[in-house]
Amino acid sequence: MDERDIVRGALQATGIVKKGLQLKIGAIAAVVFVVALLLMGMLFPGGPAQGATCEDTGPGTADAAPVSSSSSGQASGTLHQQQIGYAKTIDSVAQKYKLPGRATLIALMTAMQESTLQNLDHGDQDSVGLFQQRPSKGWGTKQQITDPKTGPAFAATSFFEGRGGNPGLVDIKNWQTLPLGTAAQRVQKSAHPELYAGHESAMRSLAHEAGIDVDRPGSTTGASTGSSSDSAASAAPVTSQNNDCPANTPAGSANGTAGASSGTFTDGKATWTLHNPRTVDQAIKWAEAHAGANSTASWYQRCLAFTANVYGWSFSGVNYAIDHYKVVPASMRHDGDRHPPPGALMYWDTGHRAGHIAVYLGNGKIASNDILRPGYIDVVDAGLIESKWGAKYVGWTPPYFPKAG
């Protein structure tokens with residue numbers, strides 16, 4: 001729909017089918033109002049500064065309003081129901097070529113990033129379908145890619161096996177041991193390669209709901225070599241949670257395993273014993289040492305993963321930053337309190353499903369991803385989360401990770 005469509009709709013809505021000066025004036029006023037809204041949108045677009053979804057996992061897949069299948073080749077049902085259906089189709093193609101569940105997971109992560117797991121009939125330039133494949137680049141015709149009945153399977157086959165001179169997943173060397181997001185990027189060649197990895201846990205959850213086993217074994221070369229299982233498939237995969245993350249070996253530990261208590265933590269009234277791999281002092285020093293000029297670009301939308309790494313854990317064990325606040329015992333939560341001790345975990349509601357979490361360093365400073373540079377960690381004023389992203393402060397907790405590992 002373009003501006004002309006909206007104006008025409010406004011004209012129809014005002015009922016300009018009758019005569020009379022009063023009706024005409026009212027109709028014109030309505031049109032002027034709609035056009036003014038359009039101009040405001042064009043002249044004052046929303047800025048790029050917004051709270052990242054900041055998951056250990058990736059965007060959620062909550063239900064949306066029912067979507068009609070009449071105009072764009074979409075399946076019927078809620079957005080979530082459609083995603084379940086398309087996920088099953090993708091996995092059926094993977095199983096047809098006897099590919100392991102890891103191939104399905106990579107495909108789901110890719111489709112979630114490219115189309116929100118939707119069979120779109122539009123996209124950037126001529127990109128269409130679940131994987132936003134371009135007919136002009138040899139991925140098939142628009143009809144083949146988006147056909148409501150056969151398009152999703154056609155597109156999934158192309159993603160796995162390649163088409164029109166474009167390599168598929170099985171053509172990527174060592175795809176089965178590459179980080180999941182890296183493998184997706186090798187096929188997609190996206191301008192934003194860092195975005196695929198963040199969808200891992202959400203897609204694992206979606207796959208589980210769809211009855212898909214993303215850990216099943218299989219052939220890593222698909223149809224080209226039959227159904228034999230490659231020994232390389234058993235190699236330890238790299239997940240999005242440790243993809244390019246800095247080494248998280250606790251200070252003073254040779255093997256990086258948790259063990260000794262990291263000491264106590266107090267708010268001045270209550271005291272808690274913690275069992276993180278790093279003490280509070282060690283964690284703060286680690287966070288500061290991995291921020292600013294020393295930060296890698298691997299932290300886009302991964303605030304919860306970062307805070308877990310700060311305290312020496314490989315992963316948090318919780319899907320969303322805001323959910324971590326809820327798994328911490330109520331006696332440890334400090335709702336709305338703006339006087340956290342150094343080392344505390346601070347939480348914000350960003351208006352997105354996942355929210356934001358950061359480590360408080362003291363003196364009003366936090367170590368946070370994305371706030372100054374997407375993907376990087378920087379030490380900033382805690383208030384910047386609210387002033388720049390428009391987020392709502394929730395509260396703080398001790399650095400307690402009941403589900404981490």
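Everything numeric here is computed off the predicted structure, so don't read it as measured data. Sequential numbering from 1 along the given sequence is applied to the chain's residues.
- The salt bridge (Lys or Arg N to Asp or Glu O under 4.0 Å) contacts involving residues 164-173 comprise nothing, where partners must be two or more places apart or lie in separate chains.
- You'll find the side chain of T273 reaches within 4.5 Å of the side chain of H275, heavy atoms only.
- Ring-plane geometry between W286 and F306 is classed as tilted, the angle between the planes lying from 30 to 60 degrees on a 0 to 90 degree scale.
- With sequence neighbours excluded, no residue satisfies salt bridge (charged side-chain N to carboxylate O under 4.0 Å, His left out) with K142.
- Tested against H356 for a ring-ring contact (aromatic ring centres under 6.0 Å, His included), the candidates Y393, W389, Y325, Y347 yield a single pass: W389.
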Between L384 and L372, does the side chain to side chain contact (heavy atoms under 4.5 Å, CB included) criterion hold? Intermediate values first, please.
CA-CA 9 Å; L384 196 60; L372 293 187; 3.9 Å; yes
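- A distance of 10.5 Å separates CD in Q81 from CD in Q83, rounded to the nearest 0.5 Å.
- Listed by chain and number, the residues in a salt bridge (charged side-chain N to carboxylate O under 4.0 Å, His left out) with D323 are K326, R353 (sequence neighbours excluded).
- Side-chain contact, D370 with W299: no donor N or O sits under 3.5 Å from an acceptor N or O.
- Here the closest non-hydrogen pair linking I90 and A107 is CG2-CB, 3.6 Å.
- Atom CG in L195 sits 12.0 Å away from atom CD in Q188 (nearest 0.5 Å).
- Taking CD1 from I172 and OG1 from T220, the interatomic distance works out to 12.5 Å, rounded to the nearest 0.5 Å.
- When the shell of 6.0 Å around CZ of F265 is examined, it contains more than 12 heavy atoms from other residues, nucleotides or ligands.
- Within the structure, no pair that satisfies the salt bridge (Lys or Arg N to Asp or Glu O under 4.0 Å) test touches residues 180-199, not counting sequence neighbours.
- Under the 30°/60° scheme for interplanar angles, the aromatic rings of Y311 and F401 are found to be tilted.
- Listed by first and then second residue, the salt bridge (Lys or Arg N to Asp or Glu O under 4.0 Å) pairs that reach into residues 78-87 come to none, sequence neighbours excluded.
- Legend: residues meeting salt bridge (charged side-chain N to carboxylate O under 4.0 Å, His left out) with D281, ordered by chain and number and at least two apart, are absent.
- With a 4.5 Å cut-off on side-chain heavy atoms, L206 and I84 count as touching.
- Side-chain contact check for Q113 versus H192: every heavy-atom pair is 4.5 Å or farther apart.
- Using a 3.5 Å distance cut-off with no hydrogens or angles, the side chains of T104 and D91 do pair a donor with an acceptor.
- For the atom pair CG of L169 and CG of L178, the computed distance is 9.0 Å after rounding to the nearest 0.5 Å.
- The minimum heavy-atom distance linking P402 with H324 is given by the pair CD-NE2, 4.2 Å.
- Atom-to-atom distance recorded for L108:CG and L180:CG is 11.0 Å, nearest 0.5 angstrom.
- Distance CZ/R134 to CD1/I145: 11.0 Å, rounded to 0.5 Å.
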